[in-house]
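Have a look at the structure below, then the notes.
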Amino acid sequence: MGGIIVILLRKTTVKVPEMKFQPEKCRIPDQRMKPFIDADEIWDHINNAKPTMEEVRAVIAKSLNKQRLTLAETATLISADTPELIEEIKQGARRLKEMVYGNRIVLFAPLYIGNKCTNNCSYCGFRSTNKEAIRSTLEDRELVKEVEALQDNGQKRLILVYGEHPEYGPEYIAHTVKVVYGVKKGNGEIRRVNVNAAPLDIEGFRIVKESGIGTYQIFQETYHPEIYTHYHLGGKKRNYEYRLTSLDRAQEAGIDDVGIGALFGLYDWRFEVLALVRHTNHLEACYNVGPHTISFPRIQEASAMNFDGKYRVSDEEFTRLVAILRLAVPYTGLILTARENAAVRDEVMRFGVSQIDGGTKLELGSYSENKNEAQDLNREQFHINDSRSLNEIIDELLSTDYLPSFCTACYRLGRTGEHFMEFSVPGFIKRFCSPNAILTLTEYLEDYAPVATKEKGYKVIEENLVELEKAHEKINIPEIRSRIEKIKAGARDLYF
Ligand code: SAM
Ligand code: SF4
């Protein structure tokens, strides 16, 4: 406990406080690839939590003291349901974000590769029994066109999305990742490709890893075993335990950058929040590294969906649960998608969401066809509520004091555990993340932004440089300024 891990960064050494392991995680010596959810244990935590105001405040204070919360402490926050305490939890999340994360928001786009699917998930437009769905898989030349269109918008980070189908095996996924990395149009390039696809066996994950992916995301949808069976009516995905242990197999295959998530609305949100924390504990205990990101999609309308709405999560509950997650796992990246409307996005971004998608289109082939017509649910997995273009989102972020970022430096320099470093290495964000955000934003402003956004962007960059200068840490402001000038003169891909 309290030891120091030294991480070597290129030309830099930073001291990272060792993660504090919780006794709850070490109960059994080797839990790798074994199911780790005990539904009764989770409900006991929720039902037994009857905290006083002081206890809730003590838990918030612990998180603000940069310590990860236990299941019981997370249950304490979940049980705090008076308006006053809910507001204190949200305030706590906002403070944590301000103290630790600064004002960056990393941008990415999803790219649907194929919507054939042999599973029958009752909430999804791609389910096998949906005969209305128009099925297709991008051919390589279509994929190239899509990536060129995304590059023309300024995207640098993508998540490739696939149904579960024999055609989308590990070799195929790896192939599409390589095609995407190979596309270079003008100054455009995709520097980080993440994947959201079906669970694989260890060998399959190895094959995909070799293609150079960033994060492999798999959402458990619901962590409750019986409820899971209720929604997953056919196909391989029906196997709860195979999915639950999938990211263990990814770790065994050497993919240490994994993303977990739950589809909110399938079951009680309180259960899912605790289960996400349990999943985080499990990965930390077994692999010494928690998930890189947590996603918390809320269920949206989809073609042929069969969903009774009993556990639908209101906006109020949703913003509350994101604040609780922020406090519970303060060093894990949080991803928010265009499933949510602009107003909800705005509120939860204040709690320290680290990544959002921008300019999202879900219909296969729609980036290159530049389709703007109304969404067609027979062609898409589900309905989205934020259809703003990437530039509209960047413009809005710039107007509201955020620093949009396309940074991929940690991944490319082999600095794994970047969220943990951001969180725990003093000055890391000011020395690495903010300068890299500024440099990638400069590229965007030079290559893709309309004049008004460009002006706004350079103003925000100047304000951020002044703030960084005031920080009096070892930040080489002249070097950042010099790199900005180099980018203006045509250099690209400069990072710290
Ligand atoms: N087919 C793979 C799978 O199911 O894991 C990967 C891609 S799937 C298209 C990505 C995610 O979309 C799912 O894990 C699920 O959480 C989410 N999703 C499915 N239907 C949805 C809906 N109606 N509203 C919101 N999200 C949905
Ligand atoms: Fe297929 Fe994934 Fe949709 Fe389920 S969620 S039907 S596995 S695409």
Side-chain angles (χ1 to χ4, degrees), residues 110-137 158-170 172-173 176 194-200 204-205 208 213 215-223 228-240 242-244 246-247 250 258-267 272 276 293-309 311-313 318 335-341 344 357 360 362-364 375 377-386:
L111 173 56
Y112 278 71
I113 305 293
N115 67 357
K116 295 185 185 171
C117 195
T118 47
N119 291 326
N120 191 6
C121 313
S122 15
Y123 46 81
C124 177
F126 293 168
R127 63 193 294 201
S128 56
T129 52
N130 182 9
K131 300 299 171 215
E132 303 298 313
I134 297 161
R135 309 276 171 183
S136 54
T137 305
L158 298 184
I159 179 144
L160 308 188
V161 186
Y162 312 74
E164 178 158 4
H165 192 271
E167 281 180 28
Y168 311 146
Y172 176 74
I173 294 176
T176 51
N194 299 330
V195 162
N196 184 323
L200 303 174
F205 278 121
V208 175
I213 60 157
T215 312
Y216 203 114
Q217 269 186 0
I218 297 175
F219 305 155
Q220 186 59 26
E221 321 298 11
T222 170
Y223 282 90
Y228 183 93
T229 313
H230 169 77
Y231 284 109
H232 299 98
L233 303 171
K236 278 191 176 170
K237 193 164 165 181
R238 211 168 143 68
N239 187 335
Y240 169 88
Y242 188 72
R243 194 165 179 93
L244 189 67
S246 56
L247 292 172
V258 298
I260 65 172
L263 182 55
F264 280 90
L266 296 185
Y267 188 49
E272 308 295 8
L276 285 166
T293 52
I294 296 184
S295 301
F296 29 86
R298 228 180 350 168
I299 203 147
Q300 303 298 324
E301 194 195 336
S303 159
M305 79 192 284
N306 181 5
F307 169 65
D308 63 15
Y311 293 106
R312 199 176 279 286
V313 176
F318 185 71
I335 300 185
L336 182 70
T337 70
R339 290 175 180 87
E340 301 301 335
N341 66 41
V344 168
D357 53 344
T360 294
L362 298 192
E363 186 177 331
L364 272 96
Q375 295 177 48
L377 279 187
N378 287 332
R379 294 176 183 274
E380 297 172 342
Q381 191 192 10
F382 50 80
H383 182 82
I384 58 169
N385 289 303
D386 189 348

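Atoms within a ligand are numbered from 1 in the order they appear, just like the ligands themselves. The model shown is predicted, which means the values in this text are computed figures rather than measured ones. Residue indices begin at 1 and follow the sequence shown.
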From [options] - option closest to [atom] by heavy atom:
{"atom": "atom 7 (S) of ligand 2", "options": "N120, L233, N119", "answer": "N119"}
{"atom": "atom 4 (O) of ligand 1", "options": "K237, H165, E164", "answer": "K237"}
{"atom": "atom 10 (C) of ligand 1", "options": "N119, L263, N196, T118", "answer": "N196"}
{"atom": "atom 8 (S) of ligand 2", "options": "Y168, Y112, F126, F219", "answer": "F126"}
{"atom": "atom 17 (C) of ligand 1", "options": "R339, Q300, E221", "answer": "R339"}

Distance from [atom] to nearest protein heavy atom, with residue and atom:
{"atom": "atom 3 (C) of ligand 1", "answer": "R243 NH2, 3.5 Å"}
{"atom": "atom 5 (S) of ligand 2", "answer": "K237 NZ, 3.4 Å"}
{"atom": "atom 21 (C) of ligand 1", "answer": "F382 CD2, 3.5 Å"}
{"atom": "atom 4 (Fe) of ligand 2", "answer": "C121 SG, 2.3 Å"}
{"atom": "atom 3 (Fe) of ligand 2", "answer": "C124 SG, 2.3 Å"}
{"atom": "atom 20 (N) of ligand 1", "answer": "Y123 CD1, 3.4 Å"}
{"atom": "atom 8 (S) of ligand 1", "answer": "Q381 NE2, 3.4 Å"}

Original post:
Is there a donor-acceptor contact under 3.5 Å linking the side chains of N194 and Q217?
Top reply: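 No, Q217 and N194 have no side-chain donor paired with an acceptor closer than 3.5 Å.
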Subject >> Distance-only side-chain donor-acceptor flag, T176 / Y168, under 3.5 Å >> reply: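 No, no side-chain donor-acceptor contact under 3.5 Å.
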Any donor-acceptor pair under 3.5 Å linking the side chain of [X] with the backbone of [Y]?
{"X": "R339", "Y": "I299", "value": "no"}
{"X": "S295", "Y": "P297", "value": "no"}
{"X": "N239", "Y": "Y242", "value": "yes"}
{"X": "N120", "Y": "G235", "value": "no"}

Using a 4.0 Å cut-off to any heavy atom of [X], which atoms of ligand 1 qualify?
{"X": "V161", "value": "7 (C), 9 (C)"}
{"X": "G163", "value": "1 (N)"}
{"X": "R298", "value": "25 (C)"}
{"X": "A302", "value": "23 (N)"}
{"X": "C124", "value": "20 (N)"}
{"X": "Y162", "value": "1 (N), 2 (C), 6 (C), 7 (C)"}

Distance-minimising heavy-atom pair for [X] and [Y]:
{"X": "N130", "Y": "S303", "result": "ND2-OG, 2.9 Å"}
{"X": "A262", "Y": "E272", "result": "CB-CB, 4.1 Å"}
{"X": "H232", "Y": "E221", "result": "NE2-CG, 3.8 Å"}

Subject >> Pairwise distance OG1(T222) to OH(Y311) - rounded to 0.5 angstrom >> reply: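 That separation rounds to 9.0 Å.
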Original post:
Which of the atoms in ligand 2, numbered in the order shown and given with their element, are less than 4.0 Å from a heavy-atom of R127?
Top reply: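 Atoms satisfying the 4.0 Å criterion: 6 (S).
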Subject >> Pair E164 + K237, salt bridge at N-O below 4.0 Å >> reply: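 Salt bridge between E164 and K237, a charged N being under 4.0 Å from a carboxylate O: no.
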Original post:
Does ligand 1 have any atom that is closer than 4.0 Å to a heavy atom of I218?
Top reply: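 No.
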**OP:** Could you tell me whether any N, O or S atom belonging to C117 is less than 2.8 Å from atom 3 (Fe) of ligand 2?
**Re:**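 No - counting backbone and side chain alike, C117 has no N, O or S atom under 2.8 Å.
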Subject >> Working for ring-ring contact (aromatic ring centres under 6.0 Å, His included), residues F318 and F264 >> reply: CA-CA 9 Å; F318 185 71; F264 280 90; 7.1 Å; no
Original post:
Where does the angle between the aromatic ring planes of Y231 and F307 fall among parallel (under 30°), tilted (30 to 60°) and perpendicular (over 60°)?
Top reply: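 Answer is tilted, since the angle falls between 30° and 60°.
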